[in-house]
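All remarks here apply to the structure that follows.
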Amino acid sequence: MGLFGSFLGIIGFVFGIPLGLLVGFFVFVYSETKQVKEPVVRPISELGPHALQELLPEIPLWVKTPDYERVDWLNKFLLDMWPYLDKAICEIIRSTTKPIFAEYIGKYQIKAIEFEELTLGTLPPTICGMKVLETNEKELVMEQVIKWAGNPNIVLNLQVSSLNITVQLVDLQVFAMPRITLRPLVPTFPCFAKVVVSLLEKPHVDFGMKISGGDIMAIPGLYRFVQETIKKQVASLYLWPQTLEVPILDESTVAIKKPVGILHVNVIRAHKLLKMDLLGSSDPYVKLSLTGDKLPAKKTTVKRKNLNPVWNEKFKLVVKDPQSQVLQLQVFDWDKVGAHDKLGMQLIPLKMLKPYDNKEFTLDLLKDTNINETPSKKPRGQIVVDLTFVPFKEDSNKFGGNSEGYGRKESGIDVVSDDEVQEGAGLLSVIIQEAEEVEGEHHNNPFAVLTFNGEKRKTKVMKKTRHPRWNEEFQFMLEEPPLREKIHIEIMSKRKTFSFLSKESLGHVEINLNDVVHNGRINDRYHLINSKNGEIHVDIRWKVV
């Protein structure tokens, strides 16, 4: 029976395959073809919202809001750097948590706490979009949207009494919208003094937690409680306007110091100066300057042929740091030809002065700045000066002075009414920051010319640019508030080579100082007159003593 079945199987295989191929060939050739229907093509605009959601489950932020930019290059950078960032961040976590863990050793029967495993996994965070905000201050503001679905392996081992408890964090997911501000911008690498971080929305943090292998997040109600607790704690610390400040550089050493007061100097007289002329006389004058100040030195008048000159001349110097600055007094003998001979000099540290207190100094003149050096046998005479340090109104509290309020605060700015405007001296500070879209017909080498009270000041020339950045400050000491004064600023372009068209105007603006006196400060952009799209950014401040 078995032999007969095998024989029939062989016959069926031999005749069945050719017969099947033959029948299939005739069916394929002689059968009628059916017309194939073309697929229906419809524009996306005709699809409903549900169909769009299925096609695009997650629309990128840079598509929904055009002011956010794509940062694929930054994500590529994070991807390449992540293995190294992972190790560096984990080392920081270990070093930061080590003293915290040490505080709990010996408490609650805890004998040891240590990381058994600590890695952030192989998946870096993804920056879905970035927006850079423009402000008038010296800062850089960036807003990002960060998503991180990571695969970290963080295992914490706790030895409590005789038990070993392992706590494992798995399946971490984070969604956050931070705002990162770099400020102030300074001329020292890395060019900002601190990083300020805040969250624009409550973050979403999702994770699983296992204790000794059991998923405690499966406990009813615990998962939601942990989520809400994390959101509340993080929001209370970092949700805007709350911020986290990370210092990078010492602001006191790198930031540009602002004026805090005025030093009133009265150069009264000098006694028994050296004889430098052939006829046994000298033509003395005094130069005054403060250390750390780039402004030109002040000078008294020249007293002809006088070894005991009386000047009684008054000067005002701008003080930025009374604890470190020093007043330099140098007495010279004026000559018509050649350099002027130095008769002597002296230094007075400003920290010796108390605010508002008038103090007179009678000082022996020295040969040079080395005060500790043994005085020369040859006396150089004496100089008598009278000094008074007067801090500005808003800075008087820092130096122990009397600070009586003279205005009200609105958004951090002193606002003063017409009746409250203080008469008297003050400092007008004009900072010309930058200009945009300034374009000349023949060349573009822009510089700014500031005209105030008949005095002209100029910035440096920027070559071949329509967006010059000067960031130069000009100061004016005034005897009274400039209530009805104006500042004229004109952008000029200068060609280096000789030409009939060596200079041309790129636009100008006139700024009324009345608002500066009442508000204390104006930091704004102004459209340039006689310019198509040109703008200039100016920061003006008025401080009274």
Side-chain angles (χ1 to χ4, degrees), residues 67 69 131-142 181-188 191-192 255-259 294-295 413 427-476 482 485-497 499-517 519-543:
D67 53 344
E69 299 180 4
K131 177 169 60 175
V132 179
L133 304 180
E134 183 177 357
T135 67
N136 287 341
E137 303 298 331
K138 295 180 180 178
E139 62 183 10
L140 178 62
V141 183
M142 299 173 289
T181 304
L182 309 178
R183 69 181 181 203
L185 302 180
V186 295
T188 304
C191 301
F192 54 89
I256 300 176
K257 295 182 179 180
K258 300 177 181 178
K294 297 181 181 180
L295 297 176
I413 300 175
L427 176 69
L428 180 68
S429 175
V430 183
I431 303 175
I432 301 180
Q433 302 277 14
E434 60 181 346
E436 293 184 358
E437 299 294 340
V438 288
E439 187 172 0
E441 295 182 3
H442 306 283
H443 44 79
N444 269 88
N445 303 311
F447 65 97
V449 180
L450 186 153
T451 305
F452 177 67
N453 277 348
E455 185 177 356
K456 286 189 176 183
R457 306 280 185 89
K458 297 179 181 180
T459 66
K460 56 181 174 290
V461 178
M462 307 298 289
K463 295 182 180 180
K464 298 180 181 180
T465 178
R466 296 171 56 193
H467 310 281
R469 294 178 180 269
W470 296 291
N471 194 26
E472 294 190 32
E473 181 176 3
F474 304 96
Q475 296 175 347
F476 302 90
E485 302 288 343
K486 291 183 179 180
I487 282 183
H488 181 89
I489 301 176
E490 185 172 11
I491 308 298
M492 303 288 294
S493 178
K494 182 178 181 180
R495 178 175 290 172
K496 291 294 183 179
T497 58
S499 172
F500 292 105
L501 300 174
S502 60
K503 291 184 181 181
E504 64 174 308
S505 176
L506 307 183
H508 69 275
V509 66
E510 282 195 351
I511 304 173
N512 196 323
L513 297 179
N514 187 66
D515 292 339
V516 180
V517 174
N519 297 326
R521 180 190 181 192
I522 287 182
N523 185 12
D524 207 349
R525 295 177 180 272
Y526 300 90
H527 179 75
L528 292 171
I529 302 173
N530 294 334
S531 176
K532 185 177 181 181
N533 298 311
E535 288 186 349
I536 186 171
H537 179 195
V538 184
D539 186 357
I540 309 176
R541 309 184 187 204
W542 167 250
K543 291 188 176 183

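Keep in mind it's a predicted model, so treat the numbers as computed, not measured.
Atoms CE and NE2, on Met492 and His508 in that order, are 11.5 Å from each other to the nearest 0.5 Å. For the atom pair Lys494 NZ and Asn445 CG, the distance stands at 10.0 Å (nearest 0.5 Å). Remark: Leu182 CG to Phe192 CZ distance equals 5.0 Å, nearest 0.5 Å. In this structure, CG on Asn471 lies 10.5 Å from CD1 on Ile432, to the nearest 0.5 angstrom. Here the straight-line distance linking atom NE2 of His537 with atom CG of Asn523 works out to 4.0 Å at 0.5 Å rounding. The distance from atom CE of Met142 to atom CG of Leu133, rounded to the nearest 0.5 Å, is 10.0 Å.
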(request) Any chance you could lay out the salt bridge (Lys or Arg N to Asp or Glu O under 4.0 Å) test for Glu439 and Lys532, step after step, and finish with the verdict? (result) CA-CA 9 Å; Glu439 187 172 0; Lys532 185 177 181 181; over 6 Å; no
(request) Give the C-alpha distance, both sets of side-chain angles, the deciding distance and a yes or no for side-chain contact (heavy atoms from CB on, under 4.5 Å) between Lys486 and Asn512. (result) CA-CA 5 Å; Lys486 291 183 179 180; Asn512 196 323; 4.3 Å; yes
(request) Could you give me the CA-CA distance, side-chain angles and deciding distance for Ile487 and Leu428, then say whether side-chain contact (heavy atoms from CB on, under 4.5 Å) is met? (result) CA-CA 11 Å; Ile487 282 183; Leu428 180 68; 4.0 Å; yes
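Nearest heavy atom pair, residue Lys458 against residue Val449, reads CG-CG2, 4.2 Å. Of all heavy-atom pairs spanning Trp470 and Ala448, the tightest one is CZ2-N, 3.9 Å. Heavy atoms only, all atoms of each residue included: Gly440 and Leu506 are closest at CA-CD2, 3.4 Å. Residues His527 and Gly534 share a closest heavy-atom pair of ND1-O, 3.2 Å. Nearest approach of Pro259 to Gln475, heavy atoms of both residues: CG-NE2, 3.5 Å.
The pair Arg525-Glu437 does not count as a salt bridge, with every side-chain nitrogen at least 4.0 angstrom from each carboxylate oxygen.
Between Val509 and Ile529 the shortest side-chain heavy-atom distance does not fall below 4.5 Å. The shortest distance between side-chain heavy atoms of Glu137 and Arg183 does not fall below 4.5 Å. Considering only heavy atoms from C-beta on, Ser429 comes within 4.5 Å of Glu473 through its side chain. Taking the side chain as every heavy atom from C-beta outward, Leu513 and Ile540 approach each other to under 4.5 Å.
Just one of Pro468, Pro446, Ser531 meets the side chain to side chain contact (heavy atoms under 4.5 Å, CB included) condition when paired with Ile491; it is Pro446.
Within 6.0 Å of atom NZ in Lys460, more than 12 heavy atoms from other residues, nucleotides or ligands are found, so the atom counts as buried in its surroundings.
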